[in-house]
Protein chains: 2
Amino acid sequence: MCSDDGCCCGDSHGRIQRFIEPCLLLLLAQKPTHGYDLIDKLSLFGFDGIDPGTIYRYLREMEKNQLVTSEWITEGKGPAKRKYELTGEGKEYLLSWQTVIKKNREILNIFLQELEELNFD
Amino acid sequence: MCSDDGCCCGDSHGRIQRFIEPCLLLLLAQKPTHGYDLIDKLSLFGFDGIDPGTIYRYLREMEKNQLVTSEWITEGKGPAKRKYELTGEGKEYLLSWQTVIKKNREILNIFLQELEELNFD
DNA sequence: TTACTATATGTGTATTTTACCTATATATGA
DNA sequence: TCATATATAGGTAAAATACACATATAGTAA
């Protein structure tokens, strides 16, 4: 299988494909901020100890696709931050995920219900 | 982006990683059957027009991992079918997904709630 | 009997997505 | 000046998925 702890669905499996993307957009819709901060906030959606490289790549890809814009912030403590902000297109894109997520939730409900009806455990 | 219809989350995105696997196991728990029939039944979980090759590969992989067993059925109409059945290990594995799916449902709820609180549309 | 269609299982390979590892740079404090 | 925390970024391997194609059998229509 995949892991050595006997369960194959604990770590990376069971996640929704590219779910990080709408999560990042949602967080940016709440408040424009930089990547390192977003990494922390992603824990709200169950992303814990996520690889920073993945996040920065997503952000750059989303900027390329005009879902976000960015600017360098040199003031304040530490090294320069790249502050990201949601665009109108990004907002629309985020909303388009709403339907997908609702459908997914419904599918999960069906799965859990069918599973319970088996009267296992 | 990915598609040319303006939305990136309609087709392949937004799916749950390896979700087909527990779905197949659940269907087999309900009733042992063969791949071609499982492909039809997967529509229950939103898998529509899925590639048969993927399903057969999953089934063989799961047999290799002793989650299912199979036997050739030559009686009846048409070409021979390979009938799959859930093992005890497969049953345990299926149950281990229950927690993951519940957690995911909760995350989706959080996402949708946060999205609504933005008072977009 | 030939050809066509539906059923059923399977392979090969490219693409996409994710994970892991490493590199770079700056400010701060010891 | 040396170590550490903060912050961003790139290279590449592995995993998951998609797409195209191959094979075989039974039934049926020409």
Side-chain angles (χ1 to χ4, degrees), chain A residues 1-4 8-24 32-42 45-65 68 70-84 100, chain B residues 1-4 8-24 32-42 45-65 68 70-84 100:
Chain A
M1 233 57 169
C2 57
S3 64
D4 33 22
C8 271
C9 45
D11 290 346
S12 61
H13 298 352
R15 292 260 178 80
I16 292 166
Q17 274 181 8
R18 290 186 75 87
F19 186 50
I20 290 176
E21 203 175 24
C23 288
L24 289 171
T33 186
H34 61 281
Y36 207 80
D37 183 43
L38 288 166
I39 290 169
D40 280 344
K41 290 181 174 165
L42 274 173
F45 305 110
F47 295 101
D48 205 41
I50 194 157
D51 170 47
T54 306
I55 303 305
Y56 292 116
R57 241 187 289 251
Y58 266 109
L59 289 169
R60 286 195 305 279
E61 193 210 356
M62 291 193 296
E63 181 160 34
K64 208 185 85 201
N65 295 322
V68 295
S70 76
E71 54 170 336
W72 281 102
I73 304 290
T74 45
E75 304 97 71
K77 292 182 192 170
K81 309 170 217 291
R82 191 188 274 276
K83 187 177 141 194
Y84 286 92
V100 180
Chain B
M1 236 57 164
C2 58
S3 63
D4 34 19
C8 271
C9 46
D11 289 346
S12 63
H13 297 353
R15 292 260 179 78
I16 293 165
Q17 273 180 8
R18 289 187 77 88
F19 187 50
I20 290 177
E21 203 175 23
C23 288
L24 289 171
T33 186
H34 61 282
Y36 206 80
D37 183 44
L38 289 166
I39 290 169
D40 280 343
K41 291 181 173 165
L42 274 174
F45 304 111
F47 295 102
D48 205 41
I50 194 158
D51 170 45
T54 307
I55 303 305
Y56 292 117
R57 243 187 288 251
Y58 266 109
L59 289 168
R60 286 197 305 281
E61 193 210 356
M62 291 194 295
E63 180 161 34
K64 208 186 86 201
N65 295 323
V68 295
S70 75
E71 54 170 337
W72 282 100
I73 304 291
T74 45
E75 303 99 71
K77 292 182 190 169
K81 308 169 216 291
R82 192 187 274 277
K83 186 177 142 196
Y84 286 92
V100 180

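Since this is a predicted model, take the numbers as computed values, not measurements. Numbered from 1 within each chain, the chains take letters A, B, ... in sequence-line order.
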Axis-to-axis angle across the helix from C/dT1-D/dA30 to C/dA30-D/dT1, five pairs an end, to 10 degrees?
10°

Nearest-0.5 Å distance that lies between atom NZ in B/Lys83 and atom CD1 in B/Ile73:
5.0 Å

Taken to the nearest 0.5 Å, the spacing of A/Phe45 CZ from A/Ile20 CD1 works out to 11.5 Å

Kindly indicate whether the side chain of B/Arg82 and the base of C/dG10 share any N or O donor-acceptor pair separated by less than 3.5 Å?
no

So which heavy atom on A/Gly46 is nearest to which on A/Arg15, and how close?
O-NH2, 3.9 Å

Could you tell me which non-hydrogen atom of A/Glu63 sits nearest to which non-hydrogen atom of A/Arg82, and how far apart they are?
OE1-NH1, 4.1 Å

What is the nucleic acid contact for [X], judged by heavy atoms within less than 4.0 Å: base, sugar-phosphate only, or nothing?
X: B/Arg57; result: base
X: A/Phe19; result: nothing
X: A/Gly35; result: sugar-phosphate

What is the distance, to the nearest angstrom, from the [atom1] atom on [X] to the [atom2] atom on [N]?
X: A/Tyr56; N: D/dG11; atom1: OH; atom2: P; result: 17 Å
X: A/Arg18; N: C/dT18; atom1: CZ; atom2: P; result: 7 Å
X: B/Ile50; N: D/dC19; atom1: CD1; atom2: P; result: 11 Å
X: B/Ile20; N: D/dA15; atom1: CD1; atom2: C1'; result: 14 Å
X: A/Glu75; N: D/dA7; atom1: CD; atom2: P; result: 14 Å
X: B/Ile39; N: C/dG10; atom1: CD1; atom2: C1'; result: 11 Å
X: B/His34; N: C/dG10; atom1: NE2; atom2: P; result: 12 Å
X: B/Ile55; N: D/dA16; atom1: CD1; atom2: P; result: 15 Å

Given that A/Tyr58 and B/Arg60 both sit by DNA chain C, which one's nearest nucleotide is further toward the 5' end?
B/Arg60

Taking the side chain as every heavy atom from C-beta outward, state whether [X] and [Y] have any atom pair closer than 4.5 Å.
X: A/Leu24; Y: A/Met62; answer: yes
X: A/Tyr84; Y: A/Arg60; answer: yes
X: B/Lys81; Y: B/Tyr36; answer: no

Can you give one letter per nucleotide of nucleotides 22-30 of chain C, 5' to 3': B if a protein heavy atom sits under 4.0 Å from the base, S if only from the sugar-phosphate, - if neither?
----BS---

Would you mind writing out the side-chain donor-acceptor pairs for residues 47-59 of chain A within the sub-3.5 Å range, not counting sequence neighbours?
from: A/Asp51; atom 1: OD1; to: A/Gly53; atom 2: N; distance (Å): 3.4
from: A/Asp51; atom 1: OD2; to: A/Thr54; atom 2: N; distance (Å): 3.3
from: A/Asp51; atom 1: OD2; to: A/Thr54; atom 2: OG1; distance (Å): 3.0

Please compare A/Thr54 and A/Lys81 by the position of their nearest nucleotide in DNA chain D and report the one closer to 5'.
A/Lys81

Whether A/Gln17 contacts C/dT16 is assessed here as follows: a side-chain N or O lying under 4.0 Å from the phosphate OP1 or OP2. Is that the case?
no

Does a side-chain N or O of A/Arg15 approach OP1 or OP2 of D/dA15 to a distance below 4.0 Å, or not?
no

